[in-house]
S.K.: 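Quick one: structure below, then a few questions.
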Amino acid sequence: MLGQMMHRDLSIIDILKFASENHSLSEVVSLRTEGDMHRYNYTDCLSRVCKLANALVGLGIKKGDRVATLAWNGYRHLELYYGISGIGAVCHTINPRLSPEQMLYIIEHAGDRLLFVDTTFVPIIEKLIPKLPKNLVIIVMASSDDSSTLSDNFLNYEQLILESSHDIIWPELPENTAAGLCYTSGTTGNPKGALYSHRSTVLHALTTSLNLGPSLGDGMKVLPVVPLFHVNAWGLPYAAPLTGTSLIFPGPNLDGASLFDLMDQENVNSAWGVPTVWLGLLEEIRKQERVPSQFQNVVIGGSAAPKSMIEEFESLGITVCHAWGMTEMSPVGTQGFLPGSMKKALSQDEQISKKCYQGRRVFGVDLKIVDENDNSLPHDGIASGELYVRGNAIISGYYKNNEATEEAFDKEGWFGTGDIASITTDGFLNIQDRAKDLIKSGGEWISSIDIENIVMGHPKVANCAVIAVPHPKWEERPLLVIVSNGDTCVTKKEIDELLLTHIAKWQLPDAIEFLDALPLTATGKVSKLTLRKKFSNYKLN
Ligand code: AMP
């Protein structure tokens, strides 16, 4: 027997309409590429989104067309998220840190009709123009009087908004209509596209709002350092308006000092981003000997948060939420805010230990770990295997890529994450490594994340990474690459002493190399691929 309930298709524009009606005082504040601060509320935002949608229709955009963006975190980018999906087109966010070849590949693969570009990226696009598809229309996201970007090659964003009508009847779209497209950064091979739907996006917004509650709510202010150009800024462009949280967008300035100032001036309560960003912010906090005025919690994900980072934030009174997810998962899969009952029952040290895990699954995401024969392993905190996931906001295939799709799923339709993990009896996920980053030494596995986590706690270490280098006897051995904190380099003896309090002797790195900075991927994570290439001929003694 079926239930007797109405069916209403889930639709992204309904989130902004809701925010406009119910949270009209909550703001979107943006540090613009123009250099000034722009602020308005969700009602103003919706009003401009209506005009933008009409402008898109005027440019010939139809349902299913892909419209690309190449932009920082700011209000115009947010408007594009809603305006494009609202008319049934697909908002394709492009990561500006990709190489020009990768950008050209995904623009062509996606079949983009329009490309919206922040002024910062105009020089990149100007160089690419001869190779870009001839029918691609480029719109610069700048003020209507910005003469530096007025050229025959480009249209102007504010001009389009100015000339468009506010009146619109939003089309009724089936909830499985595609709404967003994001390519994984592709450390090997070509980038692969995750194509989100209205349904997956709205469900993800609901579960994020529910599970990351301490960051969100009317009266709260959240700073997404995580970019709108990758993994939907972890769902904040949807969860924030839904919950009435004000969005504070940092634009291009992501160094510690700029983030500190913005957070201080705008009374930011919660900030979300990858660990490398927080290294910079913590340095500034140490320099100023205080935290930004209203800073309450930090959501850390994208790569493992080191224990020393978690401890430092917590000792400053800032609650850490260690989260895990993937582009293919919209992206949030697990989150680490501890429930009140757990906080009461655990000492501060025990709470820190829990936070070193990547948190517990959010509602709507199922997790399983399997061995090499696809047998499910127990969630006992000991067994570790490849992590598989399923849920309503997880891809069912890669966009126009059958080969990658066939490789990614098991017989039961679960998606293989490529991460190696264990899961504790009380549901905490412990990511040990990307499968390809594990170090295979004499048939045993060494987790690079485990070693990095401990080494990051040494006062003479600013940043570090562990990679596998070839070894004639053991096949692979760990090499530790360190960026020093200050002028004195830590010695191998000091590192070994620290590590031996946590890991076995055979897991110690064989050697240490020092670099001025670690190479980063397009998404701000340490690029182990680049490090492996750099040290591929490394000779261990
Ligand atoms: P992306 O699709 O660029 O978001 O990358 C997803 C991958 O980042 C995951 O499969 C993990 O390997 C890694 N990752 C994300 N969050 C974490 C975390 N908290 N700890 C360790 N690895 C993470």
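Both ligands and their constituent atoms are indexed starting at 1 by order of listing.
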S.K.: Could you list the atoms of ligand 1 found under 4.0 angstrom from a heavy atom of M326?
M.R.: 2 (O), 4 (O), 6 (C), 9 (C), 10 (O)
S.K.: Considering the heavy atoms of A323, write down every atom of ligand 1 situated less than 4.0 Å from one of them.
M.R.: 16 (N), 18 (C), 19 (N)
S.K.: So, do T245 and K221 sit near enough that their side-chain heavy atoms are less than 4.5 Å apart?
M.R.: no
S.K.: Any chance the side chains of S441 and R477 put a donor and an acceptor closer than 3.5 Å?
M.R.: yes
S.K.: If we ignore angles and hydrogens, is there a donor and acceptor under 3.5 Å between the side chains of S447 and W445?
M.R.: no
S.K.: For Y81, is there any backbone N or O sitting under 3.5 Å from a side-chain donor or acceptor partner on S85?
M.R.: yes
S.K.: Counting heavy atoms only, which of K436, H322, K525 is nearest atom 1 (P) of ligand 1?
M.R.: K525
S.K.: Is any side-chain heavy atom of I84 closer than 4.5 Å to one of D65?
M.R.: no
S.K.: Answer yes when K368 and E412 have at least one side-chain N-carboxylate O distance shorter than 4.0 Å, and no when they do not.
M.R.: yes
S.K.: When you measure from the heavy atoms of G359 to every atom of ligand 1, does any distance fall below 4.0 Å?
M.R.: no
S.K.: What atoms in ligand 1 come closer than 4.0 Å to a heavy atom of Q358?
M.R.: 18 (C), 19 (N), 20 (N), 21 (C)
S.K.: Classify the ring geometry of F428 against Y357: parallel below 30°, tilted from 30° to 60°, perpendicular beyond 60°.
M.R.: tilted
S.K.: Could you establish whether P331 and ligand 1 come within less than 4.0 Å of each other, counting only heavy atoms on the residue side?
M.R.: no
S.K.: Could you tell me whether ligand 1 has any atom less than 4.0 Å away from a heavy atom of G302?
M.R.: yes
S.K.: Applying a strict 4.0 Å limit to heavy atoms, is A305 in contact with ligand 1?
M.R.: no
S.K.: Kindly determine whether E314 and I352 satisfy side-chain contact (heavy atoms from CB on, under 4.5 Å), including the steps that lead there.
M.R.: CA-CA 8 Å; E314 292 274 336; I352 299 274; 3.8 Å; yes
S.K.: Measuring from non-hydrogen atoms of D419 to any atom of ligand 1, is the shortest distance under 4.0 Å?
M.R.: yes
S.K.: May I ask you to check whether T327 has an N/O atom sitting below 3.5 Å from an N/O atom of ligand 1?
M.R.: yes
S.K.: Using a strict cut-off of 4.0 Å, indicate which atoms of ligand 1 neighbour a heavy atom of W324.
M.R.: 9 (C), 11 (C), 14 (N), 15 (C), 16 (N), 17 (C), 23 (C)
S.K.: With heavy atoms under 4.0 Å as the rule, classify the contact between A304 and ligand 1 as side chain, backbone, both or neither.
M.R.: both
